[in-house]
Amino acid sequence: MIATPVLKAEWTKFSSVRATMVLSPAAVAMSAFLGWMFGNAAAIDYATSTPQERLDFSPVESGMRGVFLVQLLIAGIGVLVVSSEYGSGTMAASMAAVGRRSRLLAAKAGMTVLTALPVSVASVVLMFTVSQSTLASSGAPAAMPGEPIALRILFIGPVVLTLIALFGLALGFLLRGTAAAVNVAIAFLLLPALSDVMPAAVGGFVESFWPNAAPFKAIYGSSVLPEPAAYGIVVVFVAVMVAVAFARFRNRDA
(Lines give C-alpha, C1' and ligand atoms only; values in the text may rest on other atoms or scores of the structure.)
Protein backbone atom coordinates (compact mmCIF):
# COMPACT_ATOMS: atom_id res chain seq x y z
CA MET A 1 0.00 0.00 0.00
CA ILE A 2 1.29 3.49 -0.87
CA ALA A 3 1.74 5.78 2.13
CA THR A 4 0.00 9.14 1.83
CA PRO A 5 3.13 11.16 2.75
CA VAL A 6 5.05 9.47 -0.07
CA LEU A 7 2.31 10.34 -2.55
CA LYS A 8 2.28 13.92 -1.28
CA ALA A 9 6.03 14.12 -1.77
CA GLU A 10 5.66 12.78 -5.31
CA TRP A 11 3.00 15.39 -6.06
CA THR A 12 5.27 18.16 -4.74
CA LYS A 13 8.08 17.02 -7.02
CA PHE A 14 5.75 16.47 -9.97
CA SER A 15 4.09 19.88 -9.68
CA SER A 16 7.43 21.67 -9.36
CA VAL A 17 8.47 20.63 -12.88
CA ARG A 18 7.09 23.15 -15.36
CA ALA A 19 6.86 20.69 -18.25
CA THR A 20 4.62 18.30 -16.31
CA MET A 21 2.17 21.05 -15.46
CA VAL A 22 2.06 22.14 -19.11
CA LEU A 23 1.50 18.67 -20.57
CA SER A 24 -1.82 18.04 -18.82
CA PRO A 25 -3.72 21.12 -20.06
CA ALA A 26 -1.95 20.81 -23.41
CA ALA A 27 -3.34 17.28 -23.84
CA VAL A 28 -6.88 18.48 -23.11
CA ALA A 29 -6.57 21.52 -25.38
CA MET A 30 -5.10 19.42 -28.19
CA SER A 31 -7.98 16.97 -27.82
CA ALA A 32 -10.50 19.73 -28.51
CA PHE A 33 -8.57 20.93 -31.55
CA LEU A 34 -8.06 17.43 -32.95
CA GLY A 35 -11.71 16.60 -32.34
CA TRP A 36 -12.69 19.59 -34.46
CA MET A 37 -10.04 18.93 -37.12
CA PHE A 38 -10.79 15.23 -37.63
CA GLY A 39 -14.53 15.77 -37.23
CA ASN A 40 -14.42 18.37 -39.99
CA ALA A 41 -12.26 16.15 -42.20
CA ALA A 42 -14.62 13.21 -41.66
CA ALA A 43 -17.63 15.38 -42.56
CA ILE A 44 -15.96 16.43 -45.82
CA ASP A 45 -15.09 12.82 -46.64
CA TYR A 46 -18.66 11.74 -45.92
CA ALA A 47 -20.09 14.43 -48.19
CA THR A 48 -18.06 13.14 -51.14
CA SER A 49 -18.29 9.41 -50.39
CA THR A 50 -20.11 6.73 -52.33
CA PRO A 51 -23.31 5.09 -51.00
CA GLN A 52 -21.33 2.02 -49.89
CA GLU A 53 -18.75 4.19 -48.11
CA ARG A 54 -21.57 5.98 -46.31
CA LEU A 55 -22.92 2.66 -45.06
CA ASP A 56 -19.47 1.79 -43.69
CA PHE A 57 -18.92 5.22 -42.14
CA SER A 58 -18.15 5.16 -38.39
CA PRO A 59 -18.51 8.63 -36.86
CA VAL A 60 -16.72 7.68 -33.65
CA GLU A 61 -13.72 6.04 -35.29
CA SER A 62 -13.45 8.85 -37.84
CA GLY A 63 -13.83 11.64 -35.30
CA MET A 64 -11.52 10.13 -32.67
CA ARG A 65 -8.49 9.59 -34.89
CA GLY A 66 -6.67 12.30 -32.95
CA VAL A 67 -6.40 10.02 -29.93
CA PHE A 68 -3.22 8.56 -31.43
CA LEU A 69 -1.60 11.99 -31.13
CA VAL A 70 -2.95 12.80 -27.68
CA GLN A 71 -1.55 9.55 -26.34
CA LEU A 72 1.96 10.91 -26.99
CA LEU A 73 1.37 13.68 -24.47
CA ILE A 74 -0.20 11.26 -22.00
CA ALA A 75 2.85 8.99 -22.28
CA GLY A 76 5.03 12.06 -21.72
CA ILE A 77 3.38 12.60 -18.33
CA GLY A 78 4.51 9.15 -17.24
CA VAL A 79 8.02 9.71 -18.57
CA LEU A 80 8.45 12.99 -16.70
CA VAL A 81 7.32 11.53 -13.37
CA VAL A 82 10.63 9.64 -13.41
CA SER A 83 13.01 11.34 -15.84
CA SER A 84 12.65 14.75 -14.17
CA GLU A 85 14.23 13.27 -11.04
CA TYR A 86 17.06 11.64 -12.93
CA GLY A 87 17.64 14.90 -14.76
CA SER A 88 17.78 16.97 -11.57
CA GLY A 89 19.86 14.40 -9.71
CA THR A 90 17.34 13.93 -6.89
CA MET A 91 16.55 10.24 -7.43
CA ALA A 92 19.16 9.09 -4.89
CA ALA A 93 17.69 11.43 -2.26
CA SER A 94 14.18 10.14 -3.00
CA MET A 95 15.30 6.53 -2.57
CA ALA A 96 17.00 7.38 0.73
CA ALA A 97 13.90 9.20 1.99
CA VAL A 98 11.44 6.42 1.05
CA GLY A 99 13.67 3.54 2.07
CA ARG A 100 12.42 0.85 -0.29
CA ARG A 101 12.68 1.08 -4.04
CA SER A 102 9.47 -0.90 -4.52
CA ARG A 103 7.60 1.69 -2.45
CA LEU A 104 9.09 4.53 -4.46
CA LEU A 105 8.13 2.90 -7.78
CA ALA A 106 4.62 2.22 -6.47
CA ALA A 107 4.31 5.86 -5.40
CA LYS A 108 5.40 7.07 -8.82
CA ALA A 109 3.00 4.66 -10.52
CA GLY A 110 0.21 5.93 -8.26
CA MET A 111 1.13 9.53 -9.06
CA THR A 112 1.05 8.70 -12.76
CA VAL A 113 -2.41 7.14 -12.54
CA LEU A 114 -3.82 9.94 -10.37
CA THR A 115 -2.56 12.51 -12.88
CA ALA A 116 -3.10 10.72 -16.18
CA LEU A 117 -6.58 9.31 -15.53
CA PRO A 118 -8.43 12.65 -15.08
CA VAL A 119 -6.48 14.14 -17.99
CA SER A 120 -7.41 11.12 -20.11
CA VAL A 121 -11.08 11.36 -19.14
CA ALA A 122 -11.20 15.07 -19.97
CA SER A 123 -9.34 14.54 -23.26
CA VAL A 124 -11.55 11.69 -24.48
CA VAL A 125 -14.82 13.34 -23.46
CA LEU A 126 -13.85 16.64 -25.04
CA MET A 127 -12.60 15.06 -28.27
CA PHE A 128 -15.76 12.97 -28.55
CA THR A 129 -18.04 15.93 -27.88
CA VAL A 130 -16.29 18.28 -30.30
CA SER A 131 -15.87 15.72 -33.08
CA GLN A 132 -19.47 14.50 -32.97
CA SER A 133 -20.82 18.06 -32.73
CA THR A 134 -18.74 19.02 -35.75
CA LEU A 135 -20.04 16.05 -37.71
CA ALA A 136 -23.65 16.78 -36.77
CA SER A 137 -23.37 20.48 -37.65
CA SER A 138 -22.04 19.51 -41.09
CA GLY A 139 -24.93 17.16 -41.83
CA ALA A 140 -22.95 13.95 -41.37
CA PRO A 141 -23.98 11.09 -39.06
CA ALA A 142 -22.87 11.57 -35.45
CA ALA A 143 -22.88 9.24 -32.45
CA MET A 144 -24.85 9.91 -29.30
CA PRO A 145 -23.28 9.34 -25.86
CA GLY A 146 -25.62 6.45 -25.06
CA GLU A 147 -24.65 4.31 -28.05
CA PRO A 148 -22.53 1.20 -27.30
CA ILE A 149 -19.52 2.38 -29.30
CA ALA A 150 -19.69 5.78 -27.63
CA LEU A 151 -19.86 4.22 -24.17
CA ARG A 152 -16.82 2.09 -24.97
CA ILE A 153 -14.70 5.04 -26.06
CA LEU A 154 -15.87 7.22 -23.16
CA PHE A 155 -15.27 4.61 -20.44
CA ILE A 156 -12.55 2.34 -21.80
CA GLY A 157 -10.61 4.94 -23.81
CA PRO A 158 -9.36 6.85 -20.71
CA VAL A 159 -8.25 3.58 -19.09
CA VAL A 160 -6.20 2.69 -22.18
CA LEU A 161 -4.59 6.14 -22.19
CA THR A 162 -3.76 5.81 -18.49
CA LEU A 163 -2.07 2.50 -19.21
CA ILE A 164 -0.05 4.26 -21.90
CA ALA A 165 1.05 6.78 -19.25
CA LEU A 166 2.33 3.83 -17.19
CA PHE A 167 4.19 2.66 -20.29
CA GLY A 168 5.85 6.08 -20.33
CA LEU A 169 6.69 5.67 -16.64
CA ALA A 170 8.40 2.34 -17.37
CA LEU A 171 10.43 3.92 -20.16
CA GLY A 172 11.49 6.68 -17.77
CA PHE A 173 12.89 4.09 -15.35
CA LEU A 174 14.53 2.05 -18.09
CA LEU A 175 16.14 4.90 -20.07
CA ARG A 176 16.53 7.52 -17.30
CA GLY A 177 16.44 10.42 -19.73
CA THR A 178 13.50 12.49 -20.96
CA ALA A 179 14.66 12.77 -24.57
CA ALA A 180 15.46 9.08 -24.97
CA ALA A 181 12.24 7.90 -23.31
CA VAL A 182 10.03 10.34 -25.23
CA ASN A 183 11.64 9.43 -28.56
CA VAL A 184 11.14 5.71 -27.94
CA ALA A 185 7.54 6.31 -26.86
CA ILE A 186 6.79 8.34 -30.00
CA ALA A 187 8.32 5.74 -32.31
CA PHE A 188 6.48 2.90 -30.59
CA LEU A 189 3.08 4.57 -30.26
CA LEU A 190 2.95 6.02 -33.77
CA LEU A 191 3.87 2.76 -35.51
CA PRO A 192 0.20 1.75 -36.06
CA ALA A 193 -0.33 5.00 -37.98
CA LEU A 194 2.22 3.77 -40.52
CA SER A 195 0.61 0.37 -41.03
CA ASP A 196 -0.83 1.39 -44.40
CA VAL A 197 2.65 1.84 -45.91
CA MET A 198 4.01 -1.44 -44.50
CA PRO A 199 3.94 -4.79 -46.28
CA ALA A 200 0.45 -6.23 -45.94
CA ALA A 201 1.35 -8.96 -43.45
CA VAL A 202 3.37 -6.62 -41.22
CA GLY A 203 0.83 -3.82 -41.43
CA GLY A 204 -2.03 -6.17 -40.59
CA PHE A 205 -0.17 -7.47 -37.55
CA VAL A 206 0.67 -3.99 -36.24
CA GLU A 207 -2.84 -2.70 -36.86
CA SER A 208 -4.47 -5.61 -35.05
CA PHE A 209 -2.03 -6.65 -32.32
CA TRP A 210 0.10 -3.62 -31.40
CA PRO A 211 -0.49 -2.76 -27.72
CA ASN A 212 -1.87 0.73 -28.31
CA ALA A 213 -3.83 -0.23 -31.44
CA ALA A 214 -5.56 -3.46 -30.41
CA PRO A 215 -7.75 -1.94 -27.66
CA PHE A 216 -8.98 0.87 -29.87
CA LYS A 217 -9.79 -1.63 -32.61
CA ALA A 218 -11.96 -3.43 -30.04
CA ILE A 219 -13.57 -0.18 -28.95
CA TYR A 220 -14.51 0.64 -32.56
CA GLY A 221 -15.82 -2.88 -33.16
CA SER A 222 -13.31 -3.70 -35.90
CA SER A 223 -10.92 -6.02 -34.02
CA VAL A 224 -10.09 -9.48 -35.32
CA LEU A 225 -9.73 -10.53 -31.68
CA PRO A 226 -12.38 -11.04 -29.00
CA GLU A 227 -12.74 -7.87 -26.93
CA PRO A 228 -11.15 -9.31 -23.75
CA ALA A 229 -8.10 -10.47 -25.73
CA ALA A 230 -7.70 -7.09 -27.43
CA TYR A 231 -7.86 -5.23 -24.13
CA GLY A 232 -5.66 -7.84 -22.50
CA ILE A 233 -2.82 -7.12 -24.93
CA VAL A 234 -2.24 -3.61 -23.60
CA VAL A 235 -2.76 -4.68 -19.95
CA VAL A 236 -0.22 -7.50 -20.19
CA PHE A 237 2.24 -5.38 -22.18
CA VAL A 238 2.19 -2.54 -19.65
CA ALA A 239 2.41 -4.96 -16.72
CA VAL A 240 5.49 -6.59 -18.26
CA MET A 241 7.08 -3.21 -18.99
CA VAL A 242 6.56 -2.02 -15.40
CA ALA A 243 7.90 -5.32 -14.02
CA VAL A 244 11.03 -5.06 -16.19
CA ALA A 245 11.46 -1.43 -15.16
CA PHE A 246 11.20 -2.38 -11.48
CA ALA A 247 13.73 -5.19 -11.88
CA ARG A 248 16.16 -2.78 -13.54
CA PHE A 249 15.51 -0.05 -10.98
CA ARG A 250 16.01 -2.45 -8.06
CA ASN A 251 19.34 -3.75 -9.28
CA ARG A 252 21.22 -0.63 -10.29
CA ASP A 253 22.36 2.61 -8.71
CA ALA A 254 20.41 5.84 -8.92
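Throughout, residue positions are numbered sequentially from 1 according to the sequence presented. Every value quoted in this text rests on a predicted model; they were computed, and no experiment measured them. The analysis underlying the following values was restricted to heavy atoms, covering all of them including side chains, and did not include hydrogens, waters or symmetry mates.
- Between Asn212 atom CG and Phe216 atom CZ the span is 7.5 Å, to the nearest 0.5 Å.
- In plain terms, the two heavy atoms of Leu126 and Val28 that are nearest each other are CD2-O, 3.5 Å.
- Between the side chain of Gln132 and the main chain of Pro59, a donor-acceptor pair closer than 3.5 Å is present.
- Closest non-hydrogen pair, Phe38 versus Gly63, comes out as CB-O, 3.9 Å.
- By the 4.5 Å heavy-atom criterion applied to side chains, Leu105 and Val242 are counted as neighbours.
- Note on Leu34: it does not cluster hydrophobically with Ile44, by side-chain heavy-atom contacts below 4.5 Å among ILVMFWY residues.
- Note that CE of Met37 is 12.0 Å distant from OG of Ser131, once rounded to the nearest 0.5 Å.
- Met127 places none of its side-chain heavy atoms less than 4.5 Å from the side chain of Val124.
- For Ala142 against Glu147, the heavy-atom pair with the smallest separation is O-OE2, 4.2 Å.
- Aromatic ring pairs are classed by plane angle as parallel below 30°, tilted from 30° to 60° and perpendicular above 60°; the pair Tyr46 and Phe57 is tilted.
- Using a 4.5 Å heavy-atom cutoff, the side chains of Thr178 and Tyr86 are not in contact.
- Here the CE-OG distance, from Met91 to Ser84, works out to 7.5 Å after rounding to the nearest 0.5 Å.
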Trace of the side-chain contact (heavy atoms from CB on, under 4.5 Å) decision for Glu53 with Thr50 | CA-CA 5 Å; Glu53 289 172 337; Thr50 65; 3.2 Å; yes
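- Figure legend: cation-pi geometry between Arg101 and Phe249, with NZ or CZ positioned under 6.0 Å from the six-membered ring centre and within 45° of its axis.
- The OG1 atom of Thr162 sits 10.0 Å away from the CG atom of Leu114 when rounded to the nearest 0.5 Å.
- In the hydrophobic clustering of this structure, Met144 does not group with Phe155; members are Ile, Leu, Val, Met, Phe, Trp, Tyr whose side-chain heavy atoms approach within less than 4.5 Å, directly or through other members.
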Quick one: do Leu225 and Lys217 satisfy side-chain contact (heavy atoms from CB on, under 4.5 Å)? Show the steps, please.
-> CA-CA 9 Å; Leu225 297 169; Lys217 280 284 188 180; over 6 Å; no
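- The number of heavy atoms from other shown groups lying within 6.0 Å of CE (Met30) does not exceed 12.
- In this structure, Phe237 has its ring center closer than 6.0 angstrom to the ring center of Phe188.
- Within the 3.5 Å criterion, the main-chain N or O of Ala179 finds a donor-acceptor partner in the side chain of Asn183.
- Side-chain atoms of Ser138 never come within 3.5 Å of backbone atoms of Ala140 as a donor-acceptor pair (strictly under, hydrogens ignored).
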Could you go through the side-chain contact (heavy atoms from CB on, under 4.5 Å) check for Ile149 and Ser58 one step at a time?
-> CA-CA 10 Å; Ile149 188 172; Ser58 171; 4.0 Å; yes
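- Across all non-hydrogen atoms, the minimal contact from Ser24 to Ile77 is OG-CD1, 3.8 Å.
- Between Arg152 and Tyr220, the shortest heavy-atom distance links the atoms NH2-C, 4.2 Å.
- Taking all atoms of both residues into account, the shortest heavy-atom contact from Ala143 to Val60 is CB-CG2, 3.4 Å.
- Under a hydrophobic-cluster definition in which Ile, Leu, Val, Met, Phe, Trp and Tyr are linked whenever side-chain heavy atoms come within less than 4.5 Å, directly or via other members, Met64 and Leu135 are assigned to different clusters.
- Both Phe33 and Leu73 are members of a single hydrophobic cluster when ILVMFWY side chains are connected at heavy-atom separations under 4.5 Å.
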Derivation of the side-chain contact (heavy atoms from CB on, under 4.5 Å) call for Val182 and Leu171 = CA-CA 8 Å; Val182 167; Leu171 288 179; over 6 Å; no
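- Using a distance-only test at 3.5 Å, with no hydrogens or angles considered, no donor-acceptor pair links the side chain of Ser208 to the main chain of Phe205.
- Looking only at side-chain heavy atoms (C-beta outward), Ile74 and Leu23 stay at 4.5 Å or farther from each other.
- In this structure the side chain of Leu161 never reaches within 4.5 angstrom of the side chain of Pro158, judged on heavy atoms.
- Side-chain atoms of Ser133 never come within 3.5 Å of backbone atoms of Val130 as a donor-acceptor pair (strictly under, hydrogens ignored).
- Side-chain contact between Glu207 and Met198 is absent, with no heavy atoms from C-beta onward closer than 4.5 Å.
- Separation of atoms OG (Ser62) and CG (Asp56) is listed at 10.5 Å; rounding is to 0.5 Å.
- Criterion: ILVMFWY side-chain heavy atoms under 4.5 Å apart, direct or through other members. Under it, Val79 and Val240 are part of a common hydrophobic cluster.
- Listed for the Gln71 side chain is a donor-acceptor partner under 3.5 Å among the backbone atoms of Phe68.
- Interatomic distance, Leu174 CG to Leu169 CG, rounded to the nearest 0.5 Å: 9.5 Å.
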